[in-house]
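Please read the structure below before turning to the comments.
Quantities reported herein were computed from a predicted structural model and do not represent experimental measurements.
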Amino acid sequence: MKNIKPYPTEEELPAIKTLNEVDFSATYSYADYMRFEFEERLEIIKGYIFEMSPAPSRIHQGILTNIFGPIYNILKGKPCHVYTAPFDVRLAKKTQEDKEVFTVVQPDIVVVCDQDKLDKRGCIGAPDIVVEILSPGNNKKELVNKYEVYEEAGVKEYWIVSPSEKTFFRYILDDKGKFQPTKLLTAGEEVTTSILPGFKLVLEEVFQD
């Protein structure tokens with residue numbers, strides 16, 4: 001009788017060394033994501049892979065810095081932590097096992113106040129605040145899917161910043177677990193949040209080049 005080789009375990013599966021080896025029509029888990037060894041950055045949303053934009057523009061990076069700085073300063077000595085991309089956020093639905101996690105995103109900025117959600121690989125669970133700075137590479141499907149997974153995971157606030165329009169938009173999770181939209185803000189206005197007492201983001205300064 002011929003010996004039948006068992007199906008390889010996750011540890012035995014070969015690494016994926018080039019982007020050309022990725023089947024964008026297939027579904028992937030975080031366990032698969034950990035096998036990627038190429039330089040290009042990808043996100044997995046509901047099992048499907050989205051290729052991230054090339055290196056962010058200077059304007060994008062300037063806005064990121066102008067938002068990160070005030071958050072970092074207000075959090076000094078506080079239990080909350082703020083991180084910038086690349087920083088993996090794994091949004092698990094059923095279990096936290098790598099092979100059961102089908103959404104792994106790298107938001108531009110995240111604030112995490114529950115230190116139990118932090119490990120050596122990033123964040124497992126919903127951050128308190130997620131900030132996405134739009135770029136020409138963002139597509140509508142990606143944005144819709146991110147809205148859904150952030151809401152389902154229980155992200156308390158989802159901030160969307162548009163460098164081209166110089167606008168700031170925020171969704172706030174209500175007590176029923178649903179995102180509620182807020183007023184569209186523009187340069188000249190300010191942002192505060194109950195998650196960060198004493199915090200104030202001056203949008204004139206955020207969009208200042």
Asn145 and Glu148, any side-chain heavy atoms less than 4.5 Å apart: yes

Glu205 and Asn66: side chain donor to acceptor below 3.5 Å: no

Lys156: side-chain contact (heavy atoms from CB on, under 4.5 Å) partners, not counting sequence neighbours: Asp128, Ile195

Disulfide bond (SG atoms under 2.5 Å apart) partners for Cys80, two or more places apart: Cys113

Glu37: partners by side chain to side chain donor-acceptor pair (under 3.5 Å), with sequence neighbours left out: Lys17

Check: Asn20/Thr18 side-chain N/O donor and acceptor closer than 3.5 Å: no

Tyr147 and Tyr158 aromatic ring geometry - parallel, tilted or perpendicular at 30°/60° bounds: tilted

Pairs where residues 52-74 contributes a residue and the test salt bridge (Lys or Arg N to Asp or Glu O under 4.0 Å) is met, not counting sequence neighbours: Arg58-Asp209

Heavy-atom donor-acceptor pair, Thr186 side chain to Thr167 backbone, under 3.5 Å: no

Pair Phe50 and Tyr48, ring centroids less than 6.0 Å apart: no

Heavy-atom side-chain proximity of Glu204 to Glu189 below 4.5 angstrom: no

Residue pair Gly125 / Val89: nearest heavy atoms and the distance that separates them: O-CG1, 3.8 Å

Listed partners of Glu97 passing side-chain contact (heavy atoms from CB on, under 4.5 Å), at least two apart: Thr95, Lys99, Glu100

Within one Ile-Leu-Val-Met-Phe-Trp-Tyr cluster: Ile67 and Val110, side-chain cutoff 4.5 Å: no

Of all pairs that satisfy salt bridge (Lys or Arg N to Asp or Glu O under 4.0 Å), the ones with a partner from residues 62-91, not counting sequence neighbours: Arg90-Asp119

Asp108 (side chain) donor-acceptor with Glu132 (main chain) under 3.5 angstrom: no

Phe87, CZ: over 12 other non-hydrogen atoms inside 6.0 angstrom: yes

Pro181: side-chain contact (heavy atoms from CB on, under 4.5 Å) partners, not counting sequence neighbours: Phe169, Tyr171

Side-chain heavy-atom pair Val82, Phe68 within 4.5 angstrom cut-off: yes

Sequence neighbours excluded - disulfide (SG to SG under 2.5 Å) pairs with any residue from residues 169-209: none

Val131 side chain reached by Ile129 side chain, heavy atoms, under 4.5 Å: yes

Heavy atoms from other residues, nucleotides or ligands near CD of Gln180 exceed 12 (cutoff 6.0 Å): yes

Test side chain to side chain donor-acceptor pair (under 3.5 Å) applied to Thr84 - qualifying residues, sequence neighbours left out: none

Residues which pass side-chain contact (heavy atoms from CB on, under 4.5 Å) with Thr182, listed by chain and number, not counting sequence neighbours: Arg170, Ile172

Short side-chain to backbone donor-acceptor contact, Glu151 and Phe179, under 3.5 Å: yes

Over 12 foreign heavy atoms within 6.0 Å of NZ, Lys166: no

Carboxylate-amine/guanidinium contact Glu51 Arg41, below 4.0 Å: no

Within 6.0 angstrom of Lys46 NZ, more than 12 heavy atoms from elsewhere: yes

Minimum side-chain heavy-atom gap Phe102-Asp32 below 4.5 Å: no

Disulfide (SG to SG under 2.5 Å) contacts in which one or both residues fall within residues 171-209, not counting sequence neighbours: none

Verify same cluster id: Leu42, Met52 (apolar side-chain graph, 4.5 Å): no

Any donor-acceptor N/O pair, Tyr28 side chain to Asp23 backbone, under 3.5 Å: yes

Non-hydrogen side-chain atoms of Tyr30 and Thr103 separated by less than 4.5 Å: no

Summary of disulfide (SG to SG under 2.5 Å) pairs that have at least one residue in residues 25-69, sequence neighbours excluded: none

